[in-house]
Each structure stands twice: as C-alpha cells, then as structure tokens.
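These numbers come from the heavy atoms of this one structure, side chains and all, not from hydrogens, waters or symmetry mates. Along the sequence shown, the residues carry numbers beginning at 1. Being a predicted model, the structure only gives us computed values, none of them experimental.
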Amino acid sequence: MSDPVNIVQLVRDLPSRPRGRACIVLTHDYDGQRKWAAELARQTDSEHLDLLQRFVHDEELASRIGQFMVSDLFEFLRRHDRTRVLVVSGMEFLKAAWSGQSDAVEQFASQVEFWDKKPCLVFVLQYDRTIAGRAYRRFPQYTFVVDQKETLAL
C-alpha cells in the first residue's frame with residue numbers, strides 16, 4: 001500500500017501547475033460527499049460548488065440537462081475564474097445524463113488532464129472504475145485521480 005495522499009496539500013499545489021490544473025477525488029461515501037467537499041474547500045481557502053444544488057435552484061440550467069455536454073460543464077466552471085480553486089461535487093446526475101454518449105467519461109477525464117485555465121478544479125465524485133483505471137500519461141509528474149480512502153483525514 002502506498003503512503004496516504006495529503007489532499008489539502010494537493011489542492012493547494014494545483015495553481016502552481018502550468019497544465020493539468022485539475023484532479024478527481026473518487027469517493028465511496030456518496031452520502032458524505034457534499035460535506036467532505038465543503039470541508040476540503042474550507043481547509044484550502046477554495047470555493048465549493050455543489051452542481052446538483054445549483055441545477056435544482058437554477059431553472060435555466062435545469063432545463064438544459066439533456067443537452068449539457070462535457071464541454072458545456074467545463075465552460076460553465078470556467079466562469080468561476082475569480083477563485084483560484086473550485087471544489088466541485090454533486091455531478092453524478094450529469095454523468096447519468098451522459099450515459100448515452102459512449103465516450104463521455106473519456107472526454108471528461110481528458111479535459112481534467114489537459115485543464116490549464118482558471119479556476120483550478122477538484123472534482124469529488126462517486127467511485128468510477130473507468131476514471132480510476134485510466135492512464136493519465138501526458139503529465140505523469142502530476143496526480144490526477146485520488147481514491148478518497150487513500151487520503152489523509154480532513
């Protein structure tokens with residue numbers, strides 16, 4: 001077993017990356033995901049965005065769920081450029097909406113790997129074997145996926 005990841009330090013280091021300024025934390029605790037993401041944001045002086053809550057409270061966004069593609073998600077998140085790091089949770093409903101697209105998860109993972117814009121992004125989402133097993137080869141010096149079980153406690 002490898003050493004636990006200091007997730008707070010990983011998030012704080014994201015802005016210093018020239019590329020690959022995003023990462024994914026895979027959680028096995030769906031019910032506690034939002035609270036954990038909010039605590040991570042608090043400890044790193046980041047902003048927390050719960051996508052599910054945002055879509056529930058924004059009729060215009062909610063009406064577009066069926067047409068909201070992976071590229072739309074990243075364009076939407078890019079508008080939060082006043083914050084250095086944005087911790088994003090509650091996106092499982094979007095992954096479900098993308099299930100009809102054969103390459104949506106790969107597109108998502110690729111966007112994470114190549115993200116070089118503001119804000120830096122930390123996605124906290126339910127464990128996904130495809131994302132966990134994907135090889136992130138472009139920038140091997142960076143961590144892109146972390147299993148929450150392998151992080152130090154917040």
Side-chain angles (χ1 to χ4, degrees), residues 5 7 10-11 13-15 17-41 44 46-151 154:
V5 174
I7 193 66
L10 175 64
V11 171
D13 289 345
L14 279 177
R17 294 181 181 183
R19 287 195 166 47
R21 297 166 52 106
C23 68
I24 303 166
V25 179
L26 298 173
T27 181
H28 301 266
D29 177 17
Y30 178 75
D31 292 334
Q33 174 193 132
R34 181 177 184 205
K35 183 179 176 184
W36 189 88
E39 179 61 18
L40 177 62
T44 58
S46 303
E47 183 179 331
H48 175 235
L49 173 65
D50 185 292
L51 282 175
L52 178 59
Q53 292 301 313
R54 182 67 176 269
F55 272 73
V56 165
H57 295 293
D58 186 324
E59 289 182 29
E60 191 271 326
L61 278 175
S63 69
R64 295 182 33 218
I65 289 175
Q67 295 83 33
F68 206 82
M69 309 299 264
V70 173
S71 59
D72 296 325
L73 171 64
F74 283 88
E75 187 58 38
F76 173 76
L77 296 175
R78 189 174 175 187
R79 294 182 201 144
H80 289 76
D81 63 353
R82 291 189 184 127
T83 185
R84 287 173 42 98
V85 178
L86 182 64
V87 179
V88 181
S89 64
M91 67 171 283
E92 282 73 16
F93 74 99
L94 281 177
K95 280 185 63 196
W98 298 334
S99 65
Q101 303 171 38
S102 61
D103 64 342
V105 172
E106 177 58 33
Q107 285 178 19
F108 173 75
S110 179
Q111 286 273 11
V112 167
E113 185 174 17
F114 289 98
W115 186 253
D116 62 354
K117 297 167 183 57
K118 288 183 178 181
C120 297
L121 302 170
V122 178
F123 294 94
V124 179
L125 58 116
Q126 193 170 4
Y127 188 86
D128 181 292
R129 277 188 282 179
T130 303
I131 290 173
R134 183 181 187 273
Y136 296 82
R137 294 188 176 109
R138 182 72 174 170
F139 307 105
Q141 69 273 30
Y142 300 136
T143 300
F144 289 102
V145 176
V146 176
D147 189 322
Q148 184 185 17
K149 289 180 177 179
E150 298 173 0
T151 65
L154 290 180

What is the distance from atom [atom1] of [X] to atom [atom2] of [Y], rounded to the nearest 0.5 Å?
| X | Y | atom1 | atom2 | value |
| --- | --- | --- | --- | --- |
| F76 | F68 | CZ | CZ | 6.0 Å |
| R21 | R84 | CZ | CZ | 8.0 Å |
| T27 | R34 | OG1 | CZ | 15.0 Å |
| K117 | R19 | NZ | CZ | 9.0 Å |
| D50 | M91 | CG | CE | 11.5 Å |
| H28 | K149 | NE2 | NZ | 4.5 Å |

Is it the case that atom [atom1] in [X] sees more than 12 heavy atoms from other parts of the structure closer than 6.0 Å?
| X | atom1 | value |
| --- | --- | --- |
| K95 | NZ | yes |
| E60 | CD | yes |
| R17 | CZ | yes |

We want to know whether Q107 and Q101 form a side-chain donor-acceptor pair, criterion being a heavy-atom distance below 3.5 angstrom.
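Note: Q107 and Q101 side chains miss the donor-acceptor criterion.
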Write down the atom of [X], the atom of [Y], and the distance for their closest heavy-atom approach.
| X | Y | answer |
| --- | --- | --- |
| V87 | A37 | CG1-O, 3.6 Å |
| V124 | E92 | O-OE2, 4.5 Å |
| G90 | Q33 | N-OE1, 2.7 Å |
| Y127 | D147 | CE1-OD2, 3.8 Å |

I want to know whether F144 and F108 have ring centres closer than 6.0 Å.
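So the answer is no for these two rings.
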Going by heavy atoms in the side chains, are [X] and [Y] under 4.5 Å from each other?
| X | Y | result |
| --- | --- | --- |
| D103 | W98 | no |
| P15 | V85 | yes |
| C23 | T143 | no |
| I131 | L125 | yes |
| L73 | L51 | yes |
| D13 | L10 | no |
| F55 | I65 | yes |

Only counting residues at least two apart or in another chain, list the ones meeting side-chain contact (heavy atoms from CB on, under 4.5 Å) with F114.
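side-chain contact (heavy atoms from CB on, under 4.5 Å) check on F114 returns S110, R138, F139.
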Please confirm whether the backbone N or O of V5 pairs with a side-chain atom of E150, one donor and one acceptor, at under 3.5 Å?
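The answer is no, because no donor-acceptor pair under 3.5 Å joins these two groups.
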Determine whether a donor-acceptor pair (N or O, by modelled atom type, separation under 3.5 Å) exists between the side chain of E113 and the backbone of R137.
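Side chain of E113 to backbone of R137, a donor-acceptor pair under 3.5 Å: yes, one is there.
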Against F123, only a single residue in L77, L26, V25, L86 fulfils side-chain contact (heavy atoms from CB on, under 4.5 Å); can you say which?
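Testing each of L77, L26, V25, L86 against F123, the sole residue satisfying side-chain contact (heavy atoms from CB on, under 4.5 Å) is L77.
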I'd like to check the salt bridge (charged side-chain N to carboxylate O under 4.0 Å, His left out) partners of E39; sequence neighbours left out, ordered by chain and number.
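With neighbours one apart ignored, the set is R42.
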Cation over ring face, R134 and Y136, 6.0 Å, 45°:
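Geometry flag: set, cation within 6.0 Å and 45°.
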Who are the side chain to side chain donor-acceptor pair (under 3.5 Å) partners of K35, not counting sequence neighbours?
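So K35 forms no side chain to side chain donor-acceptor pair (under 3.5 Å) with any residue.
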